[in-house]
Protein chains: 2
Amino acid sequence: MTDTTSIVTRPVHGRPITPSRGRWYPLGLDEVTIDDGLFAELQQRNAGAMIGHCETWVERMGWAANFDAAVEGRLPQDRRGREFSDSEVYKLLEAMAWELARREDPDLEARYHALVARVGSAQEPDGYVNTMFGRPGQQPRWSDLQWGHELYCVGHLVQAAVARGRTRGTDEEIVRIARRAADQVCTLFGPDGRADVGGHPEIEVALVELYRLTGEQRYLDQARLFVDRRGHGVLGDIELGASYYQDDQPVREATALRGHAVRALYLAAGAADLAVETGDDELLGAVTSQVLTTLARRTYLTGGMGAHHDGESFGDDFELPSDRAYSETCAGVGSVMTNHRLLLASGDVRHADAVERTLFNVVATSPAEDGHGFFYANTLHQRTPATEVDPDTASPRALASLRAPWFHVSCCPTNVTRTVASLAAYLASVDDGGLQLHQYAGAHLRGALTDGREVELRVRTRYPADGRIEVEVVRAPQGEWTLSLRVPAWGQGATLTDTRGTREVAPGYAEVTGLTDGDRVVLDLPVRARWTVADPRVDAVRGQAAVERGPLVMCLESTDLGSSVNEVSVDTSRPPLDDDGEVMVSVRSREYGAEGWPFRSPDGSAATVRDHGAVRLVPYHRWGNRGPATMRVWMPVDKD
Amino acid sequence: MTDTTSIVTRPVHGRPITPSRGRWYPLGLDEVTIDDGLFAELQQRNAGAMIGHCETWVERMGWAANFDAAVEGRLPQDRRGREFSDSEVYKLLEAMAWELARREDPDLEARYHALVARVGSAQEPDGYVNTMFGRPGQQPRWSDLQWGHELYCVGHLVQAAVARGRTRGTDEEIVRIARRAADQVCTLFGPDGRADVGGHPEIEVALVELYRLTGEQRYLDQARLFVDRRGHGVLGDIELGASYYQDDQPVREATALRGHAVRALYLAAGAADLAVETGDDELLGAVTSQVLTTLARRTYLTGGMGAHHDGESFGDDFELPSDRAYSETCAGVGSVMTNHRLLLASGDVRHADAVERTLFNVVATSPAEDGHGFFYANTLHQRTPATEVDPDTASPRALASLRAPWFHVSCCPTNVTRTVASLAAYLASVDDGGLQLHQYAGAHLRGALTDGREVELRVRTRYPADGRIEVEVVRAPQGEWTLSLRVPAWGQGATLTDTRGTREVAPGYAEVTGLTDGDRVVLDLPVRARWTVADPRVDAVRGQAAVERGPLVMCLESTDLGSSVNEVSVDTSRPPLDDDGEVMVSVRSREYGAEGWPFRSPDGSAATVRDHGAVRLVPYHRWGNRGPATMRVWMPVDKD
């Protein structure tokens, strides 16, 4: 166990998570600054548009004002939004906290404090804070653990507090608010209290982090109670089945993630944190095995998780329909959270690969290029163009067609915003012997190995547009140390150039030793566009191929084809053309005649073939930015 | 318009529908008796088990007792079931009425009257009858048109009354009850009343039929109001979108069925009936076009409709996933209702083909072989075996894995039961010039052409086990007449033997003239098992093939394979073996090694191939009767 006293008394370099055990220890936002590549672009968009957009919308929808209404005794009559709307305010506060650690912004700082104060004013004397429950005319507190989201909201309040506590210290008002709320939860649901859990996990991961922030053992103990209680039918059956909220099977006994994807992933993240802090290798092994099985059998090419719109849930193994991919943005966030934790605990590169794939193809896909719209679901095949979205109207639905400015259930915008603001935390880790680079972006890193030796690096790259990653050792740790650079699984043929020359490096971690101040290392990843096919058990994309370029999944949009993408086929006999990122493939489409019963003898039907020649593909994360379109990631392979 | 006076005063031969216009006029249950083939087997199962099963369960669930509780002033506290549970009692009454027209059963008759009496006792003085609304402590009447299902329940009450009125006369108690309820609806929602519609169509088709039964014009007028109001956003937007209940677009303007499949199909049936009675060819044309487009683009090989679990709705064109096929049993019933109406109106054989396909592969699939379990959804690919269903517990879910005895939302069992009891109505129609046979079963037909000339036929066949259909003319109409026999679209190469010899007949209607008493006609349909592939636009089954035998879709069950069906491929280079209905195909399966990321370069992966030799397929409607199993209709085609 680490010395918790020191953790309590000083900000710990803006690390979103601070595990006390594990293979690697993360660097934080005080230690890593991103300044080039797609991650930098996302952070600029977040700063310039997305955070402000979320502030505007929590006001416009009245979700922030619910706290004022609580103070002024205007609830329930003036309450707006669903039962979990408080959590959007908390996730926004978390995003603002990370953003304020990334750059100074007095105006944002002022708005942040004002919003915290509104939340704090609504907290009741015993620490309870929730605008939906407990007042005359409202449902009683804790009366709907299946759907009420009270524990979930406390979890996000705590995460907001952890972000501020890690960047500005534990004396911050939000930390006091969150601790009082958490204390109330620990009293009510503690060892001698109600043996219940909440329908939507989140409190678990939050309580472990609050323990890490404060050193208060009861938060860790409470997290363990919530994890261990779950899976024994404590929430009761519902139409979607108890697997929906992972109450069908104890976490330790499950073999794959199942049920509602966001719930499953938040729970997995919390269970992983708990296992790390308590040295519970059985639990860590169970979560790791579930996640690896999920990556092998229940994950889209994009890294997206959750195959069902119905119940927003995982499907069966290899059930990964393109056109009905749900792949909720928040599940992407949850997968990044979980895989990042397992990476730090285990050092298994597969988790870093999953983080990269998911950041570039799910998290980066959600926000519009102007930062004022978000995908909730992320389909891999859009069959019909959407109708234009009104930028001033919240969408009642999680459709994957055009990015909506806001949703009636609007978990995704704030989730993207808090993740993008804290992206720096995913880039690098350290141990006693060196520093590991997991994700690539132009960046400046200055921190210390876990044994205290200081290190400073400069990373120069336009990644993923370009595969060249140059690492300059500005200041090497004194004595022996190792710089490790991740080579993604797709990076067969990557080369690494250091002071000793150039060598091919295999997927995994390429290690370089003996580097001193001023040395440069260049990792060259083969990002050139390539064809990808699926395991034959993925029935939904049999006979189809996709194009990937480096970590980016590409797609065909009707905007580039000039007609619907539903009838196309592609020639995979030659590699895709790739002119420095301008990717083209040969496309044909078929035109069909009279309509009729669509099932017939294999003798074939007559369709007119039209040759489109070479057609441009765009990165999947950029689709839908040029107006309503049809789109597909997987393209039927031409058999002619 | 027909002479409504005569319609009112006598039972009209047990015809479920009695259109006053159209190409053909149906024969009814008094005129057609089924005695051989799968239809006969289904009717025996219905008589021996299914109807009694439904009676048991509406009692066990307390849904029938809700009417008693209403009488005894014990509502809302004693109410059981969902807001539409009254309708299950009505659908059961409809099934019992048709069954009592099919065969004498004094015990069933007594139980029927007792149940009608309980419903009647709960009717309020103004005609309103619904156990869910309007009492102190309940929501007010008609306060939740989106979800309350009050108009839907009146619709099923009326349909129950029509069944009895058509078989025993309009003096029956149920007819009086239904008329009073319908009158109250017409008063409240009439031309001068609330300009609203109900969230779930059904009242429309029911009111047209009640008009046909009683000759009362206001019922037809009210049906027209309900059809015309819909599609203008009168119900308001919901998370699933106004298309869910077809309130996004007027019936006259839509191009395909969309939204909740059962809602869409019931509305289409009602609109078709309305169009026929009012001579509204524009409306009839719109519905016909929508249904034909739906058959060409949004219908499963089984005839099943509704691709989405989410919203139980139609998907986009050609979006027909096998593993997530919802294909609700009730949508199958709705498709049979709608296509039968359009067949009678138009004489277009495609509607009769759709009725056949749907009866054999959706409606017949739902009930277990013992009649004590039902599929609600009808998947075409079951990836994981279900857990055993408890025969004494209602399932909270519409899973397609094992048939459940009852559901919390239990629309399907009573819908199957009422359809099977009235199957005779789908066999034949008449016009001034002759008689048309649409569906084949061993049967005895005795009726009259629409010009009054009497006709009697004996049909002998084991169809669909065998493709030989012998029609004996027991009594020919006097003078010229034509016997028409449907040749299904799959029936290429069918032959017809009559007094003049044997000839090949094309899909459509084969006509035979000059037949006199004692003549025999033999239609020989090539039911031998055949391979079927899908339009390439159905991405979900690209590279796969299915086997059909006559009108039956076949499937591979793990029970016959000895292992999971998920990894199989089949050799389609030779036709399936078919030894008098014992169908076998050559199957291989692949065994995969270590798990990993399932997307890779097209260079291929090593899998061990196992040759299973010839493996038995079973008719899809029989799957799931031998315990938990995996199953697939579409099988990947071996490329080796």
Side-chain angles (χ1 to χ4, degrees), chain A residues 237-241 292-293 295-297 299 301 307-311 315-319 321-324 350 353 381 383-384 396-397 408 489 530-546 566-567 569 572 590 592 595-602 605 607 634 636, chain B residues 237-241 292-293 295-297 299 301 307-310 315-319 321-324 350 353 381 383-384 396-397 408 489 530-546 548 566-567 569 572 590 592 595-602 605 607 634 636:
Chain A
D237 199 9
I238 50 174
E239 189 173 338
L240 291 160
L292 290 176
T293 297
L295 287 171
R297 295 172 166 241
T299 304
L301 180 63
H308 293 181
H309 282 240
D310 186 46
D316 285 332
D317 289 346
F318 303 109
E319 184 198 310
S322 292
D323 46 18
R324 289 294 284 170
R350 289 176 289 183
D353 284 356
H381 180 185
R383 290 180 178 273
T384 51
R397 287 175 281 286
H408 290 185
R530 63 191 186 275
W531 288 111
T532 297
V533 298
D535 185 301
R537 287 171 288 186
V538 185
D539 290 286
V541 296
R542 175 172 287 102
Q544 302 193 51
N566 291 327
E567 299 83 16
S569 60
T572 59
R590 274 156 188 75
Y592 296 85
E595 293 277 301
W597 183 243
F599 307 105
R600 56 169 179 274
S601 83
S605 73
W634 292 99
Chain B
D237 198 8
I238 50 173
E239 187 173 336
L240 291 161
L292 290 176
T293 297
L295 287 172
R297 296 173 165 240
T299 304
L301 179 63
H308 293 181
H309 281 241
D310 189 44
D316 285 332
D317 288 347
F318 303 109
E319 184 198 311
S322 293
D323 45 19
R324 290 294 284 171
R350 290 175 290 183
D353 284 355
H381 180 185
R383 290 180 177 273
T384 52
R397 287 174 281 286
H408 289 183
R530 62 192 186 274
W531 289 110
T532 295
V533 297
D535 186 300
R537 288 172 288 185
V538 185
D539 290 286
V541 297
R542 175 172 286 102
Q544 303 193 51
E548 294 182 279
N566 292 326
E567 299 81 17
S569 62
T572 58
R590 275 156 187 73
Y592 297 86
E595 294 278 299
W597 182 245
F599 306 105
R600 57 169 179 272
S601 83
S605 72
W634 291 99

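Note that the structure is a prediction, hence the values are computed from the model and not measured.
Of the residues considered (B:Gln544, B:Glu567, B:Glu239, B:Arg324), B:Arg324 shows the highest number of contacts with chain A, using heavy-atom pairs under 4.5 Å. Among the candidates B:Ala546, B:Gly596, B:Gly315, B:Gly543, the residue making the largest number of heavy-atom pairs closer than 4.5 Å to chain A is B:Gly596. When each of B:Pro396, B:Ala540, B:Ser322 is scored by its heavy-atom pairs under 4.5 Å with chain A, the top score falls to B:Pro396. Among A:Leu295, A:Val538, A:Asp535, the residue with the largest count of heavy-atom pairs under 4.5 Å with chain B is A:Asp535. Of the listed residues (B:Asp317, B:Val541, B:Thr384, B:Leu301), the greatest number of heavy-atom pairs within a distance under 4.5 Å of chain A belongs to B:Leu301. Considering only heavy-atom pairs separated by less than 4.5 Å from chain A, the leading option among B:Arg537, B:His381, B:Arg350 is B:Arg537. Ranking A:His408, A:Arg383, A:Glu595 against chain B, the residue ahead of the rest is A:Arg383, based on heavy-atom pairs under 4.5 Å.
Side chain of A:Asp353 to backbone of A:Ala489: a donor-acceptor contact under 3.5 angstrom is found.
B:Arg530 does not touch chain A: none of its heavy atoms, backbone or side chain, sits under 4.5 Å away. With a threshold of 4.5 angstrom between heavy atoms, A:Leu292 does not approach chain B through any atom at all. Using a 4.5 Å cut-off between heavy atoms, B:Leu240 contacts chain A through its backbone alone, with no side-chain atom that close.
Scanning all heavy atoms of the two residues, the minimum distance from A:Ala545 to A:Val533 falls at CB-CG1, 4.3 Å.
Take B:Asp316 and apply the salt bridge (Lys or Arg N to Asp or Glu O under 4.0 Å) test, not counting sequence neighbours, and it matches no residue. Every ring-ring contact (aromatic ring centres under 6.0 Å, His included) that B:Phe599 has, sequence neighbours left out, goes to A:Trp634, B:Trp597.
Of the charged side-chain nitrogens involved, at least one lies within less than 4.0 Å of a carboxylate oxygen, so that B:Asp539 and B:Arg542 count as a salt-bridged pair. Salt bridge status for B:Arg397 with A:Asp237: present, with a side-chain N to carboxylate O gap under 4.0 Å.
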Where do A:Ser569 and A:Arg590 land on the side-chain hydrogen bond (donor to acceptor under 3.5 Å, both in side chains) test, with the steps shown first?
CA-CA 8 Å; A:Ser569 60; A:Arg590 274 156 188 75; 3.0 Å; yes
